[in-house]
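Some notes on the structure that comes next.
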Amino acid sequence: MTNPVLTIANLTKRFGGVTAVSDINLEVMPKETIAIIGPNGAGKTTFYNMVSGRMQPTEGTITLDGKDITGLPPHKISRLGVSRSFQINNIFPEMTVQENVEVVLSAYHGHSRKLFNIASRNTAIQHEAVGFLKRLGIDSLKAQRAEVISYGDKRLLEIAMVLATQPKLVLLDEPTAGMTPDETRRTTQLIKQLAGSGDYTFMITEHDMDVVFNLADRILVMHRGEKLFAGTPEEVKNHPEVRVAYLGEEDDEAVEEANP
């Protein structure tokens, strides 16, 4: 029997008298893509912050590959195999595209001092960096400064940097936010190819439902900090409470009762 990569049990976060996330339970299996969706204020960001170590839970546990990581700081959780991309680009704009990935690889391989100098002398790291850029389809940009590439390519560069840490679990926070339709289609296809390779386990938050339904094997729907429903994309599409609470559709029976 396959064990979950991530097990979340009774996860809760309170801010004073306000409960932002309440009693969430979830298992993430190896090589699957799970999406976390919900309207603004549903608790998605707080949930992500707890999983990545940016916030400590009030209650509950987070277990990665059988190891309790609840409340550990972000750098320790990252070292154990959880890497996160953010809505705002988290890159080094003054460096080239390739150098950005080399710096991450240098740190991952334990060369924490003078990262760029070490990377520039290390042929193996250079080749490894180009390999990650190829997987994201941006190796042709490797010599360009990161600040001058398009917004969509910056997001792909950030994903390449996340993958360079060899994560057990990749957290993608709104990966297509701010993109043009063409950039969204390209990024969605690339993430789908990465997921299909069997090399990565993904957890994503995303407001674009076309992206969610295209990528996700399972979807956790949050509403007012609670787990409203979890299931396949098809089950989520057809769930009456989800259609009312998130997809913005009226409950047919409620409408009929109000208009006999």
Side-chain angles (χ1 to χ4, degrees), residues 2-9 11 13 21 24 26-34 36 45-57 60-92 95 98-122 124-133 135-136 146 155-175 191 194-195 197-205:
T2 304
N3 294 320
V5 171
L6 187 75
T7 302
I8 293 169
L11 198 64
K13 181 64 178 179
V21 172
I24 299 292
L26 180 69
E27 289 186 342
V28 181
M29 303 306 293
K31 315 310 178 191
E32 81 168 331
T33 298
I34 186 162
I36 314 296
T45 299
T46 301
F47 175 84
Y48 250 46
N49 283 339
M50 287 189 286
V51 174
S52 61
R54 293 173 65 85
M55 284 183 184
Q56 291 200 6
T61 58
I62 305 168
T63 306
L64 179 71
D65 267 353
K67 181 179 177 60
D68 189 347
I69 63 170
T70 312
L72 291 180
H75 70 278
K76 289 188 177 180
I77 289 178
S78 178
R79 276 289 179 188
L80 290 169
V82 178
S83 290
R84 176 181 178 179
S85 75
F86 291 86
Q87 279 182 267
I88 302 172
N89 289 320
N90 193 24
I91 61 176
F92 304 105
M95 292 185 177
Q98 182 174 331
E99 288 167 356
N100 268 267
V101 182
E102 288 176 354
V103 166
V104 175
L105 287 168
S106 294
Y108 175 76
H109 290 301
H111 306 305
S112 59
R113 296 182 180 177
K114 299 180 181 178
L115 294 179
F116 173 66
N117 288 335
I118 290 171
S120 67
R121 297 195 304 265
N122 192 313
I125 284 179
Q126 291 173 345
H127 287 315
E128 193 174 359
V130 172
F132 283 109
L133 295 175
R135 295 202 77 168
L136 274 298
R155 298 306 306 270
L156 294 176
L157 171 57
E158 188 186 13
I159 294 174
M161 293 165 70
V162 167
L163 299 185
T165 66
Q166 306 290 342
K168 297 174 183 176
L169 176 65
V170 180
L171 305 182
L172 298 181
D173 191 358
E174 301 283 353
I191 295 172
L194 291 168
S197 72
D199 294 333
Y200 303 104
T201 302
F202 287 103
M203 182 185 289
I204 65 172
T205 61

message = Can you confirm whether E102 sits close enough to M95 that some side-chain heavy atom of one is under 4.5 Å from a side-chain heavy atom of the other?
response = no
key: Any L6 side-chain heavy atom under 4.5 Å of T63 side chain   = no
ask   = Between CD1 of I36 and OG1 of T45, what distance do you get to the nearest 0.5 Å?
value = 11.5 Å
task = May I ask you to test the L171-S52 pair for a side-chain heavy-atom distance under 4.5 Å?
result = yes
Side-chain donor/acceptor of N100 to backbone N/O of I91, under 3.5 Å = no
key: Under 3.5 Å donor-acceptor, K13 side chain and Q56 backbone   = yes
key: OH on Y48 to CD on E174, rounded to 0.5 Å   = 9.0 Å
task = Calculate, to the nearest 0.5 Å, the distance between atoms CD and CD belonging to E99 and Q126 respectively.
result = 9.5 Å
query = Ignoring hydrogens and geometry, is there a side-chain-to-backbone donor-acceptor pair from S197 to L194 under 3.5 Å?
reply = yes
ask   = Who pairs with P30 by side chain to side chain contact (heavy atoms under 4.5 Å, CB included), at least two apart in sequence or on another chain?
value = T2, V5
ask   = How would you list, by chain and number, every residue that makes a salt bridge (charged side-chain N to carboxylate O under 4.0 Å, His left out) with E32, sequence neighbours excluded?
value = R218
request  = With rounding to the nearest 0.5 Å, note down the distance linking CG in L11 to CD1 in I62.
outcome  = 5.0 Å
ask   = Of all heavy-atom pairs between F47 and L26, which one has the smallest distance, and what is that distance?
value = CZ-CD2, 4.1 Å
inquiry  = Tell me the closest heavy-atom pair linking R84 and N49, and the distance in Å.
reply    = NH1-OD1, 2.8 Å
message = Any side-chain to backbone donor/acceptor pair from S83 onto P167? Under 3.5 Å, distance only.
response = no
query = Do you know which two heavy atoms are closest between M161 and V104, and how far apart they sit?
reply = O-CG1, 3.4 Å
task = Identify the two heavy atoms, one from S85 and one from R155, that lie closest to each other, and give their separation to 0.1 Å.
result = OG-NH2, 4.4 Å
ask   = Just how far is it from atom OG1 of T165 to atom CG of L105, taken to the nearest 0.5 Å?
value = 9.0 Å
task = Only pairs at least two apart or in different chains count here, so list each salt bridge (charged side-chain N to carboxylate O under 4.0 Å, His left out) that has a residue in residues 62-80.
result = D65-K168
key: Minimum-distance pair of heavy atoms, taken over all atoms of I69 and V51   = CD1-O, 4.3 Å
inquiry  = So R135 and D199, do their side chains get closer than 4.5 Å, heavy atoms only?
reply    = yes
query = Considering the options T33, T205, I159, which one meets the side-chain contact (heavy atoms from CB on, under 4.5 Å) requirement together with L172?
reply = I159
remark   = Closest non-hydrogen atoms of T61 and T70, given as atom of the first, atom of the second and distance, are CA-OG1, 3.2 Å
request  = Determine, stepwise, if the pair L157 / V101 fulfils side chain to side chain contact (heavy atoms under 4.5 Å, CB included).
outcome  = CA-CA 8 Å; L157 171 57; V101 182; 3.8 Å; yes
task = Start with the C-alpha gap between Y200 and K31, add the side-chain angles, then the distance that decides, and say whether side chain to side chain contact (heavy atoms under 4.5 Å, CB included) holds.
result = CA-CA 5 Å; Y200 303 104; K31 315 310 178 191; over 6 Å; no
query = What is the distance from atom CE of M203 to atom CG of D173, rounded to the nearest 0.5 Å?
reply = 12.0 Å
ask   = So, do L72 and L80 sit near enough that their side-chain heavy atoms are less than 4.5 Å apart?
value = yes
